[in-house]
Amino acid sequence: LRKIRADIVNPNENLSRVVTLFSKVFIRIPAVCHIDNEWDKGLVDQIMGRMFTAGFDRLIAVSSRTREIALRYTRNAAKIVTIPTGVNPVRFLGCDVERLYSTVKSARNRFNIGTVGKLVRFKGQHLVIKVLGVLRDKLPPFNYIIIGDGPDRAELGQYAYSLGLEESVRFLGFRTDVPDLLSGIDLLVQPSETEANGLVVIEGMMAGLPVIATEVGGASEIMDGGRLGWLVKPGDETALASAILEVACMPQDKRRRLGAEARKYAIKHYSFEQTVRRTEEVYLSLVNKQGQKAC
């Protein structure tokens with residue numbers, strides 16, 4: 001930091017955040033921390049919450065939910081500004097719908113349900129598989145398309161097999177062409193048990209999809225209180241099943257209208273440009289303040 005003469009520092013994971021706070025003892029430099037996690041999961045979260053809210057000059061909460069939790073650790077509310085993580089809507093223009101059909105041969109003539117995320121227990125893919133096992137006779141022919149990879153890949157595959165869904169649950173692994181794949185999806189389901197913001201929910205909305213999400217992190221805020229999609233409690237199998245069945249039985253033109261409205265809202269409120277501009281304003285306010293002190 002001394003060598004590059006940085007004007008401001010914004011570390012991006014917990015170890016570098018701790019190192020930054022230690023460095024501030026020796027180098028007087030403004031520091032910003034993003035609150036991209038829900039600090040309410042135990043002792044480690046409590047320690048980090050108190051340390052970071054006390055030591056950083058400004059905290060950027062990625063949702064109202066993360067701001068609310070951070071305020072438990074500081075009385076200085078002015079220190080925390082809410083700036084949702086933005087998405088570039090251009091990525092969702094002119095997408096190649098054939099990408100999904102060529103990747104999943106049966107996708108063209110089926111109702112395609114998708115989930116995007118790391119394959120770990122708290123992301124909830126196992127719950128969707130369980131619900132689809134219950135609903136299989138009530139749904140049109142479907143695929144459950146899981147985009148992402150992680151340590152639970154084998155376990156999820158075995159679970160799908162045990163329910164007789166091995167032909168319907170398709171694992172695509174880590175992909176760099178998510179917008180193209182989403183263009184062939186009929187319904188996005190994000191069943192996380194915990195989430196700080198809900199970036200994939202924004203991506204689904206920008207792709208013009210109907211979205212079912214659990215009411216965690218910033219999902220309710222992103223979906224305008226559920227007006228632009230379906231919100232269910234985490235782990236609520238009955239509510240999730242009801243929402244999936246409702247969307248699957250909905251006329252296609254109605255699904256498209258809902259998706260178009262969600263896309264319009266997401267572009268207006270969660271564009272990448274807004275995030276960059278507002279983050280830049282935070283940086284400049286701290287740099288200018290530091291310059292005034294130096295004078």
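In this chain, residues are counted from 1 in sequence order. All figures in this text were calculated on a predicted structure; none of them were measured in a lab.
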Checking Y283 against N10: is there a side-chain donor and acceptor pair closer than 3.5 Å?
yes

Whether R278 side chain and T82 backbone form a donor-acceptor pair below 3.5 Å:
yes

Distance, nearest 0.5 Å, that separates NZ of K123 from CG of L156:
13.5 Å

Could you tell me whether the side chain of Q274 and the main chain of K268 form a donor-acceptor pair under 3.5 Å?
yes

If you look at every heavy atom in T275 and T85, which pair is closest and at what distance?
OG1-C, 3.8 Å

Do R17's NZ or CZ and the ring of F56 fall within the cation-pi criteria of under 6.0 Å and 45°?
no

Mind checking whether F272 and V90 have side chains closer than 4.5 Å, heavy atoms only?
no

Cluster check I35, I202: I/L/V/M/F/W/Y, side chain < 4.5 angstrom:
no

I'd like to know if the side chain of R263 reaches the main chain of G208, judged simply by a donor and an acceptor atom lying under 3.5 Å from each other, with no hydrogens or angles considered.
no

Looking at side-chain heavy atoms only, is the closest gap between I212 and Q190 below 4.5 Å?
no

With a 6.0 Å cut-off (strictly less than), is the heavy-atom count around NZ of K130, excluding the residue itself, greater than 12?
no

Pair I83, V62 - check side chain to side chain contact (heavy atoms under 4.5 Å, CB included), show working.
CA-CA 5 Å; I83 306 177; V62 297; over 6 Å; no

Within a radius of less than 6.0 Å around CD of E167, do more than 12 heavy atoms belonging to other residues, nucleotides or ligands occur?
no

Can N88 and S271 be counted as having a side-chain donor-acceptor contact under 3.5 angstrom?
no

Would a distance-only check, ignoring hydrogens and angles, find a side-chain to backbone donor-acceptor pair under 3.5 Å from R255 to L209?
no

D224 bridged to R227 by N-O distance under 4.0 Å:
yes

Which distance, rounded to the nearest 0.5 Å, do you find between the CE of M250 and the CZ of R257?
9.5 Å

What's the shortest heavy-atom distance between T20 and P11, and which atoms?
OG1-CG, 3.5 Å

Would you indicate whether the side-chain heavy atoms of P151 and K118 approach each other to under 4.5 Å?
yes

Between A266 and M205, what is the shortest heavy-atom contact and its length?
CB-CB, 3.9 Å

What distance do R110 atom CZ and I145 atom CD1 have between them, rounded to the nearest 0.5 Å?
10.0 Å

Evaluate the side-chain proximity of V81 to L59: yes if any heavy-atom separation is below 4.5 Å, no if none is.
no

Hey, quick one: are L245 and V169 part of the same hydrophobic cluster, counting side-chain heavy atoms closer than 4.5 Å, chains of contacts allowed?
yes

Apply side chain to side chain contact (heavy atoms under 4.5 Å, CB included) to R136 and S168, showing your working.
CA-CA 10 Å; R136 80 177 81 199; S168 299; over 6 Å; no

Atom pair CZ (R91) and CG (D177), whose distance is rounded to the nearest 0.5 Å
10.5 Å

Go through the steps to decide whether S106 and N143 satisfy the test side chain to side chain contact (heavy atoms under 4.5 Å, CB included), and finish with yes or no.
CA-CA 8 Å; S106 63; N143 286 318; 3.2 Å; yes

Please find the pair of heavy atoms, one from L187 and one from P210, that lie closest to each other, and give the distance.
CD1-O, 3.4 Å

Salt bridge (Lys or Arg N to Asp or Glu O under 4.0 Å) test vs D57 passes for just one of K79, R28, K24, namely K24

Heavy-atom closest pair, residues N112 and A107:
ND2-O, 2.8 Å

Before accepting this row, confirm whether a basic side-chain N of the pair E98/R108 lies closer than 4.0 Å to the acidic partner's carboxylate O.
yes

Is the side chain of T66 donor-acceptor paired with the backbone N or O of S63 at a distance under 3.5 Å, no angle test?
yes

Heavy-atom side-chain contact between F142 and L135 under 4.5 Å
no

How about I244 and L139: do any of their side-chain heavy atoms sit closer than 4.5 Å?
yes

In one Ile/Leu/Val/Met/Phe/Trp/Tyr side-chain cluster, 4.5 Å: V131, V189
yes

Q125 side-chain N/O to V128 backbone N/O, donor-acceptor pair under 3.5 Å
no

When you look at W230 and L258, which way does the side chain to side chain contact (heavy atoms under 4.5 Å, CB included) test go after all the steps?
CA-CA 11 Å; W230 289 257; L258 289 173; 3.8 Å; yes

Could you state the interatomic distance from OG (S192) to CD (E215), rounded to the nearest 0.5 Å?
13.5 Å

Of L172, V116, I113, L119, which is the lone residue that meets side chain to side chain contact (heavy atoms under 4.5 Å, CB included) with I146?
L119

Would you mind telling me which of L127, T214, T194 makes a side chain to side chain contact (heavy atoms under 4.5 Å, CB included) with P234?
T214

Between L165 and I185, is there a shared hydrophobic cluster once you connect ILVMFWY residues whose side-chain heavy atoms come closer than 4.5 Å?
no

Around atom CZ of R277, are there more than 12 heavy atoms of other residues, nucleotides or ligands at under 6.0 Å?
yes

In Å, rounded to the nearest 0.5 Å, how long is the span from OG of S64 to CD1 of I69?
11.5 Å

Closer than 4.0 angstrom, basic N to acidic O: yes or no for D149 and R153?
no

Count I, L, V, M, F, W, Y as connected when their side-chain heavy atoms are under 4.5 Å apart, and connections chain through other members. Are L231 and V216 then in the same cluster?
no

Under a 4.5 Å cut-off applied to non-hydrogen side-chain atoms, are P30 and R58 in contact?
no

Can you name the closest pair of heavy atoms from E221 and Y270 and give their distance?
O-OH, 3.5 Å

Does a side-chain N-to-carboxylate-O contact under 4.0 Å join E193 and R121?
no

Please check: side-chain N/O of S242 versus main-chain N/O of A239, any donor-acceptor pairing under 3.5 Å?
no

Does this structure show an ion pair linking R99 with D96, if we count only N-O contacts that are shorter than 4.0 Å?
yes

Is any side-chain heavy atom of F171 closer than 4.5 Å to one of I147?
no

Look only at the side chain of D236 and the backbone of V232, and say whether a donor-acceptor pair between them is shorter than 3.5 Å.
no

